[in-house]
Number of protein chains: 2
Amino acid sequence: MEADRRTRLAPDERRAQLVALGVASLADRPLEALTIEYLSAQAGVSRGLLFYYFGSKQGLHREVVSTARDSMLHATEPAGHFPPLSRLHDTLTRIVQFVRDHRGTFFSLVRGAASGDREVREVVEQARAVQAERVIAVFLEMGVADSEMLRIALRAWVAFAEQTLVDSALNTEMSSEEIVSFLERSVKAVTQAVR
Amino acid sequence: MEADRRTRLAPDERRAQLVALGVASLADRPLEALTIEYLSAQAGVSRGLLFYYFGSKQGLHREVVSTARDSMLHATEPAGHFPPLSRLHDTLTRIVQFVRDHRGTFFSLVRGAASGDREVREVVEQARAVQAERVIAVFLEMGVADSEMLRIALRAWVAFAEQTLVDSALNTEMSSEEIVSFLERSVKAVTQAVR
DNA sequence: GTGACTATTGACTATCTGTCAATAGAGGAG
DNA sequence: CTCCTCTATTGACAGATAGTCAATAGTCAC
């Protein structure tokens with residue numbers, strides 16, 4: 001009978017709490033189910049407060065998706081300095097691990113967030129751009145010639161990898177090694193198909 | 001001063017008119033902009049009528065997207081009987097052509113329609129399944145061994161091809177032959193990466 | 001304690017989806 | 001040609017959800 005009394009937090013804390021709740025609920029709900037109504041109820045806070053912090057529903061979505069995206073990018077960042085192919089192997093291994101550890105988050109991010117708002121889409125698009133950049137760097141370091149087609153190809157390969165991860169890491173019992181190894185072979189194959 | 005008088009059409013005609021209007025507006029607007037409000041205004045008809053025909057907004061979306069999808073699948077269906085690789089070449093050529101002839105529709109279909117409703121998503125997913133089936137058939141006929149990984153790989157390649165088309169056919173002046181040829185090389189490469 | 005700053009609320013508006021009984025166009029029977 | 005019936009079409013209504021804003025109440029500094 002007092003948990004419902006108004007509790008006033010520092011803006012940073014409140015914001016962090018709300019975003020964290022949002023990210024967490026992506027694990028078992030699509031982004032579109034993250035309504036102002038739902039999240040404010042979850043947080044035990046008025047709807048008005050969410051507008052105070054995020055301005056709009058899409059503002060909220062942007063922050064939540066950005067945060068989920070950053071945690072994925074961070075979790076799949078190669079640690080230390082490897083030679084190019086080892087770094088690729090390391091990153092792919094981390095991604096498969098991340099997908100299996102955060103199925104819901106990964107799926108909501110790469111599938112659900114294609115929805116609605118253009119700016120939200122762009123947030124996810126940035127993640128793909130970063131992943132593509134990482135892969136491009138690997139091949140450039142190995143002496144592959146840069147070209148428009150190479151960039152298109154490796155950006156498309158990121159989409160390929162996402163779909164592969166959804167179908168293999170999420171929906172089969174395939175071993176991580178097998179998946180990683182297939183992704184490695186496929187990206188090399190695609191790179192060679194650029195001429 | 002009489003165009004606004006109530007005009008009563010046969011259900012088939014009215015339905016066809018509304019769906020056609022919906023598909024047409026996909027050419028320059030994302031699916032989410034296709035609201036009941038907007039389409040009824042376009043058609044010069046009451047909002048209630050759209051519910052009478054489609055039951056819900058998502059019902060409308062399903063029909064519009066299904067129709068757009070079917071027109072794409074139909075336009076990219078290989079004509080006549082070719083040997084496998086020629087058939088592949090033919091289909092890819094038709095797809096590039098379709099993408100360039102119907103930029104808006106293609107983009108709304110493969111990008112915009114990932115949104116909202118699960119059933120709408122599945123409508124587009126079916127198109128990908130059909131495209132994947134076509135490609136799988138090509139390689140099976142060529143004696144490639146069937147396997148779970150092959151199917152995952154070629155389904156993922158469809159996503160690869162979509163992204164390639166968005167980036168090349170929509171956003172560059174690259175020649176159709178160049179795009180088709182790259183897609184051919186990449187799908188063969190991916191198939192060989194399955195082991 | 002008291003005052004000031006601002007995090008938080010709740011009541012209000014706007015927009016859009018969805019429901020349904022009432023209405024009117026169009027074709028057939030006479 | 002007229003009326004009658006069937007149903008395509010409407011408009012008024014209800015419900016959900018986004019967004020606005022002036023009023024309120026924690027909390028910290030003094």
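Chain naming here is simple, since letters A, B, ... match the order of the sequence lines and numbering starts at 1 in each. When reading the values below, keep in mind they use all heavy atoms of this one structure, side chains included, and skip hydrogens, waters and symmetry mates.
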Trainee: Taking CG from A:Leu50 and C1' from C:dT9, how many angstroms apart are they, rounded to a whole number?
Mentor: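 Going from A:Leu50 (CG) to C:dT9 (C1'), I get 12 Å.
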Trainee: Could you check how far CD of A:Glu13 sits from P of D:dT27, rounded to whole Å?
Mentor: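 Value for this atom pair: 11 Å.
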Trainee: Quickly, which of B:Ile95, B:Thr93, B:Asp90 forms a side-chain contact (heavy atoms from CB on, under 4.5 Å) with B:Val180? Name it, please.
Mentor: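 The option that passes is B:Thr93.
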Trainee: Indicate the ring-plane relationship of B:Phe182 and B:Phe160, choosing parallel, tilted or perpendicular according to the 30° and 60° boundaries.
Mentor: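 Correct class here is tilted.
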Trainee: Does A:Arg47 get its side chain close enough to the base of D:dG19, under 3.5 Å, for a donor-acceptor pair?
Mentor: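 Answer yes: a donor N or O sits under 3.5 Å from an acceptor.
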Trainee: Between atom CG in B:Leu39 and atom C1' in C:dT17, what is the gap in whole Å?
Mentor: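 Between C1' of C:dT17 and CG of B:Leu39: 14 Å.
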Trainee: Let me know the distance between CZ of B:Phe51 and P of D:dA14, rounded to the nearest Å.
Mentor: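 It works out to 17 Å between those atoms.
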Trainee: Which one, C:dT17, C:dA7, D:dA8, comes nearest to the side chain of B:Glu37?
Mentor: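 The answer is C:dT17.
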Trainee: Heavy-atom nearest nucleotide on DNA chain C for B:Lys57 versus B:Leu9: which residue maps closer to 5'?
Mentor: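 That would be B:Lys57.
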Trainee: Select one nucleotide: of C:dT17, D:dG19, D:dT10, the one nearest the side-chain heavy atoms of B:Val45.
Mentor: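 Between C:dT17, D:dG19, D:dT10, the one nearest the side chain of B:Val45 would be D:dT10.
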Trainee: Looking only at side-chain atoms of A:Pro11, point me to the closest of D:dA18, C:dA7, D:dA8.
Mentor: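 The answer is C:dA7.
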Trainee: Considering heavy-atom distances to DNA chain D, does A:Thr35 or B:Gly48 have its closest nucleotide positioned more toward the 5' end?
Mentor: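 Looking at DNA chain D, the more 5' nearest nucleotide goes with B:Gly48.
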Trainee: Remember a base hit wins even if backbone is also touched, and classify A:Phe54 as base, sugar-phosphate or nothing at under 4.0 Å, heavy atoms.
Mentor: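 Contact class for A:Phe54: none.
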Trainee: By nearest heavy atom, map B:Leu49 and B:Arg8 onto DNA chain D; which one lands nearer the 5' end?
Mentor: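 Between the two, 5'-proximity favours B:Arg8.
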Trainee: Roughly, in whole Å, what's the span from CD1 in A:Ile36 to P in C:dA14?
Mentor: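 Result: 20 Å.
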Trainee: Which nucleotide in the set C:dA7, C:dT17, D:dA8 lies at the smallest distance from any side-chain heavy atom of A:Tyr52?
Mentor: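 Output: C:dA7.
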Trainee: Considering only C:dT17, D:dT7, D:dG26, which nucleotide approaches the side chain of A:Arg6 most closely?
Mentor: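 The nucleotide sitting nearest to the side chain is D:dG26.
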Trainee: Hey, what do you get for OG1 (B:Thr91) to CD (B:Glu184), rounding to the nearest 0.5 Å?
Mentor: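 Reported to 0.5 Å precision, the distance equals 10.5 Å.
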Trainee: Can we say B:Arg128 and B:Glu125 salt-bridge, meaning some charged N sits less than 4.0 Å from an Asp/Glu carboxylate O?
Mentor: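 Counted as a salt bridge, because a side-chain N and a carboxylate O are separated by less than 4.0 Å.
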Trainee: Ignoring backbone atoms, test whether A:Arg14 places a side-chain nitrogen or oxygen under 4.0 Å from the OP1 or OP2 oxygen of C:dT8.
Mentor: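 A:Arg14 to C:dT8 OP1/OP2: side-chain N or O found under 4.0 Å.
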Trainee: Could you state the atom-to-atom distance from CZ of B:Arg15 to C1' of D:dT9 in whole Å?
Mentor: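 Spelled out: CZ on B:Arg15 to C1' on D:dT9 is 15 Å.
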Trainee: Taking atom P of C:dT6 as reference, at what distance in whole Å does atom OH of A:Tyr53 sit?
Mentor: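 Going from OH in A:Tyr53 over to P in C:dT6 covers 12 Å.
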Trainee: CD1/B:Ile36 to OG/B:Ser56 distance, rounded to the nearest 0.5 angstrom?
Mentor: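 Reported to 0.5 Å precision, the distance equals 7.5 Å.
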